[in-house]
A.B. asks: 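Please see the structure below; I have some questions.
As a basis for the values below, the full set of heavy atoms in this structure was taken, side chains included, without hydrogen atoms, waters or symmetry mates. One is the number of the first residue; the rest follow in order along the sequence. Keep in mind that what you see is a predicted model, and the values were worked out from it rather than measured.
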Amino acid sequence: MQFSACADSRVVEAVIASFRDSAEHTVERLSGLTQRDWSSSSLWLDASGMTLYFLDRLEILGIEEFIPAKILARLQQNRADNRLRSAAMLAEFCSINEAFQAAGIQYANEKGFTLSPDSCPDPSLRHQVDFDFMVDGDDLNLCREILEKRGYVRTKCWPTEWQFEAGSSEMVRREDYYRPRPQRSVELHFTFDPKDINIPTRDPRLDRRTLRAWNGHLFPVFSPADQFVEQAMHLLRHLCSPTTRPSWLLEFRRHMSVRFDDLHFWEEVRSIACDIHNADVAISLATMLSIRLFGGRVPSQLKSWTLDLMPAPVRLWANLYGHKAILANGPGTKLHVLLEAEIASDKNMKRKKKKRSLLKLYRVTRICYPTPEDSLLKRLRQEYYHIRYFWFRIQFQIVEGLRMHIEGVRWRRRRRHIKEAISS
């Protein structure tokens, strides 16, 4: 089992640049790449979410013949497999929605299929791995009962999220990455009472939800403005973690382009963002990095209160590390520690976040969950995979922690220069 691989930097840059370059310039980048270069970068393409978007871009430009025939055939097969997988997931998506609606649950669908068509022209271009629902806190246990009747088991329980898994407990093979498979995952998101973190409550976005049609059925989703802000907040959460999928930035940029001239939409976005901590920073970063990677323009109604007012240290981080952090090979980097420190609300929180991120050898998430029906041999194989993954993560923490310690010295020097320039 392979948890990481070093992609060819020329492949990475060619894939990303194809979304902002002309066909001629893209062909120039592709012409020097061999089949071996593409093969060594296949894990990055899949993990980044760019595989199918890149194939679609090549076909739009009419230059798909400029990558090796064997690689093109693999990409086309991935797309065919993912269409079948998306169809199967859509059927499960509709079934869960119908069960929630029949029970009178107050909820809204998040991400996934709801990103089409504004952020994604075709759901089959996305490699969706789970279903996300924002649920009223009062309906959480009812949701749990419904999911358990459908074969799901709660595997994680966080202050604002419950995760459920169903299907085979086998590890997913690389060759099955895009194919329909029995594994299913659901995440229930909720908010809590500010006075008591243990009391789930109702998210105000549920009061602004709208209806979207799929296969002749209507399902609740976030309002377009809420969805845009949530995309930015989702990106910020991942920018404050080791890895961020470039495909999420591509989808954010598309959403921004689709709504470019919608003045009412941008007014709504600003109104909603004013009530969410760090939403302006999230939108600034997502806008700056998505345009830098994939090209495009920024609506003036958005730019005036985001990019133009972006905190100088955050802008410095984006300029120095944004590109590297987003396009890094798995399992990513720890450059996010510097960003986390800048957006933390107070100095004590900054110190705690930095110490926790750099020094902890944290509890590693399981990569497969055993079921009562699993044989002893299967359970032993699962433990073997988990141990391998555990040591893989430990190595990452040690190596990247040392690199981050060195980079932290340089960062403090650069940040001090900014502070001195502002004060003068």
Side-chain angles (χ1 to χ4, degrees), residues 16 18-20 48-62 75-76 78-98 107-134 178 205 208-235 245-269 272 283 286-287 290-291 293-299 301-302:
I16 298 300
S18 68
F19 291 88
R20 61 177 188 268
S48 67
M50 295 302 299
T51 297
L52 303 182
Y53 280 130
F54 177 59
L55 175 60
D56 184 63
R57 178 61 176 170
L58 290 179
E59 292 179 343
I60 290 174
L61 294 176
L75 298 183
Q76 292 172 335
N78 288 343
R79 180 173 59 187
D81 290 340
N82 201 56
R83 283 173 176 165
L84 295 176
R85 185 169 180 272
S86 294
M89 291 191 71
L90 181 60
E92 177 72 356
F93 168 82
C94 293
S95 183
I96 294 175
N97 270 272
E98 290 170 356
Y107 75 101
N109 292 276
E110 286 190 67
K111 298 180 284 187
F113 291 111
T114 73
L115 294 177
S116 295
D118 288 345
S119 299
C120 174
D122 182 350
S124 66
L125 295 177
R126 302 189 80 248
H127 185 263
Q128 185 172 333
V129 297
D130 55 22
F131 305 111
D132 293 87
F133 302 94
M134 174 58 69
Y178 293 98
R205 289 175 293 184
R208 299 191 292 266
R209 57 188 175 158
T210 60
L211 294 176
R212 184 83 62 81
W214 282 284
N215 287 5
H217 300 279
L218 292 175
F219 303 116
V221 300
F222 283 162
S223 72
D226 276 319
Q227 186 179 76
F228 184 83
V229 174
E230 174 55 28
Q231 280 181 278
M233 295 302 294
H234 175 252
L235 278 164
R245 281 191 170 192
S247 61
W248 295 331
L249 286 159
L250 181 63
E251 290 161 357
F252 180 87
R253 188 209 63 166
R254 177 181 169 82
H255 196 174
M256 184 168 56
S257 299
V258 167
R259 297 283 181 174
F260 193 90
D261 296 318
D262 190 340
L263 300 182
H264 178 67
F265 173 80
W266 297 120
E267 290 174 0
E268 281 191 273
V269 166
I272 291 169
I283 296 173
T287 300
S290 63
I291 294 298
L293 286 174
F294 299 109
R297 298 181 300 150
V298 182
Q301 296 82 6
L302 180 67

A.B. asks: Under a 4.5 Å cut-off applied to non-hydrogen side-chain atoms, are Pro123 and Leu90 in contact?
C.D. replies: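 No, too far: nothing below the 4.5 Å cut-off.
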
A.B. asks: Looking at residues at least two apart in the chain, or sitting in another chain, which of them share a ring-ring contact (aromatic ring centres under 6.0 Å, His included) with Phe93?
C.D. replies: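 ring-ring contact (aromatic ring centres under 6.0 Å, His included) check on Phe93 returns Phe113, Trp214, Phe219.
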
A.B. asks: Is the closest side-chain heavy-atom distance between Ser119 and Phe228 below 4.5 Å?
C.D. replies: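 Side chain of Ser119 against side chain of Phe228, heavy atoms only: no contact under 4.5 Å found.
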
A.B. asks: Which heavy atom in Ala213 sits nearest to a heavy atom in Leu218, and how many Å separate them?
C.D. replies: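 Shortest heavy-atom separation between Ala213 and Leu218 comes out as CB-CD2, 3.8 Å.
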
A.B. asks: Given 3.5 Å as the limit, does a donor-acceptor pair link the side chain of Arg126 with the main chain of Cys120, or not?
C.D. replies: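 Not confirmed, Arg126 side chain does not pair with Cys120 backbone.
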
A.B. asks: Is there a side-chain contact between Asp122 and Asp56, using heavy atoms and a 4.5 Å cut-off?
C.D. replies: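 Result no, sub-4.5 Å side-chain heavy-atom pair not found.
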
A.B. asks: Where the side chain of Ser247 meets the backbone of Met50, is there a donor-acceptor pair that is under 3.5 Å apart?
C.D. replies: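 Side chain of Ser247 to backbone of Met50: no pair is present.
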
A.B. asks: Nearest 0.5 Å please: distance from the CZ atom of Phe252 over to the NE2 atom of His234.
C.D. replies: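 With rounding to 0.5 Å, CZ (Phe252) is 13.0 Å from NE2 (His234).
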
A.B. asks: To the nearest 0.5 Å, tell me how far Arg79 CZ sits from Leu55 CG.
C.D. replies: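 With rounding to 0.5 Å, CZ (Arg79) is 4.5 Å from CG (Leu55).
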
A.B. asks: Nearest 0.5 angstrom please: Leu125 CG to Arg57 CZ, how far?
C.D. replies: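 Interatomic distance, Leu125 CG to Arg57 CZ, rounded to 0.5 Å: 13.0 Å.
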
A.B. asks: Could you give me the CA-CA distance, side-chain angles and deciding distance for Met134 and Glu230, then say whether side chain to side chain contact (heavy atoms under 4.5 Å, CB included) is met?
C.D. replies: CA-CA 12 Å; Met134 174 58 69; Glu230 174 55 28; over 6 Å; no

A.B. asks: Counting N and O atoms only, with roles assigned by atom type, does the side chain of Trp266 sit under 3.5 Å from a partner on the main chain of Asp261, one being a donor and the other an acceptor?
C.D. replies: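 Absent.
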
A.B. asks: Are side-chain heavy atoms of Arg85 and His127 found at a separation under 4.5 Å?
C.D. replies: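 Of all side-chain heavy-atom pairs linking His127 with Arg85, at least one is under 4.5 Å.
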
A.B. asks: Please tell me if the side chains of Met256 and Thr287 come closer than 4.5 Å, counting only heavy atoms from C-beta onward.
C.D. replies: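 Counting from C-beta outward, Met256 and Thr287 do come under 4.5 Å.
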
A.B. asks: Return the CZ to CD1 distance between Phe19 and Ile60, rounded to the nearest 0.5 Å.
C.D. replies: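 If I round to the nearest 0.5 Å, the distance is 8.0 Å.
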
A.B. asks: Going by side chain to side chain donor-acceptor pair (under 3.5 Å), name the residues that satisfy it together with Arg208, two or more places apart in sequence or in a different chain.
C.D. replies: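 Checked Arg208 against side chain to side chain donor-acceptor pair (under 3.5 Å); matches are Asp226.
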
A.B. asks: Sort out for me which residue in Arg259, Gln227, Gln231 forms a side-chain hydrogen bond (donor to acceptor under 3.5 Å, both in side chains) with Asp118.
C.D. replies: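 Testing each of Arg259, Gln227, Gln231 against Asp118, the sole residue satisfying side-chain hydrogen bond (donor to acceptor under 3.5 Å, both in side chains) is Arg259.
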
A.B. asks: With salt bridge (Lys or Arg N to Asp or Glu O under 4.0 Å) as the criterion, how do Glu110 and Arg205 come out once you've worked through the C-alpha distance, each side chain's angles and the decisive distance to 0.1 Å?
C.D. replies: CA-CA 11 Å; Glu110 286 190 67; Arg205 289 175 293 184; 5.0 Å; no

A.B. asks: Tell me, with the steps shown, if Asn97 and Phe133 meet side chain to side chain contact (heavy atoms under 4.5 Å, CB included).
C.D. replies: CA-CA 10 Å; Asn97 270 272; Phe133 302 94; 3.8 Å; yes

A.B. asks: Which pair of heavy atoms, one from Met89 and one from Val129, lies closest together, and at what distance?
C.D. replies: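 Looking at all heavy atoms of both residues, the closest pair is CE-C, 4.2 Å.
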
A.B. asks: Can you tell me how far the CD1 atom of Ile272 sits from the CD1 atom of Ile283, to the nearest 0.5 Å?
C.D. replies: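 Answer rounded to 0.5 Å: 9.0 Å.
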
A.B. asks: Quick one: are Pro121 and Arg254 in side-chain contact, heavy atoms under 4.5 Å?
C.D. replies: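 SC-SC contact between Pro121 and Arg254 confirmed.
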
A.B. asks: Between Ser86 and Asn82, is there a donor-acceptor pair closer than 3.5 Å when you use the side chain of the first and the backbone of the second?
C.D. replies: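 A pair under 3.5 Å: yes.
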
A.B. asks: If every non-hydrogen atom of Gln128 is compared with every non-hydrogen atom of Gly112, which pair is closest and at what distance?
C.D. replies: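 For Gln128 versus Gly112, the nearest heavy atoms are OE1-CA, 3.4 Å.
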
A.B. asks: Evaluate the side-chain proximity of Arg83 to Tyr178: yes if any heavy-atom separation is below 4.5 Å, no if none is.
C.D. replies: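 Counting from C-beta outward, Tyr178 and Arg83 never come under 4.5 Å.
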
A.B. asks: Evaluate the side-chain proximity of Thr114 to Phe222: yes if any heavy-atom separation is below 4.5 Å, no if none is.
C.D. replies: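 Not touching, per the 4.5 Å side-chain cut-off.
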
A.B. asks: What closest approach, in Å, do Val298 and Phe260 show between heavy atoms, and which atom pair accounts for it?
C.D. replies: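 Closest approach of Val298 to Phe260, heavy atoms only: C-CE1, 3.7 Å.
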
A.B. asks: Let's go through Arg253 and Arg20 carefully: what are the C-alpha distance in whole Å and the side-chain angles of both, what is the deciding distance for side chain to side chain contact (heavy atoms under 4.5 Å, CB included) to 0.1 Å, and is it a yes or a no?
C.D. replies: CA-CA 12 Å; Arg253 188 209 63 166; Arg20 61 177 188 268; 5.6 Å; no

A.B. asks: To the nearest 0.5 Å, tell me how far Leu235 CG sits from Leu249 CG.
C.D. replies: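 The CG atom of Leu235 sits 5.0 Å away from the CG atom of Leu249.
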
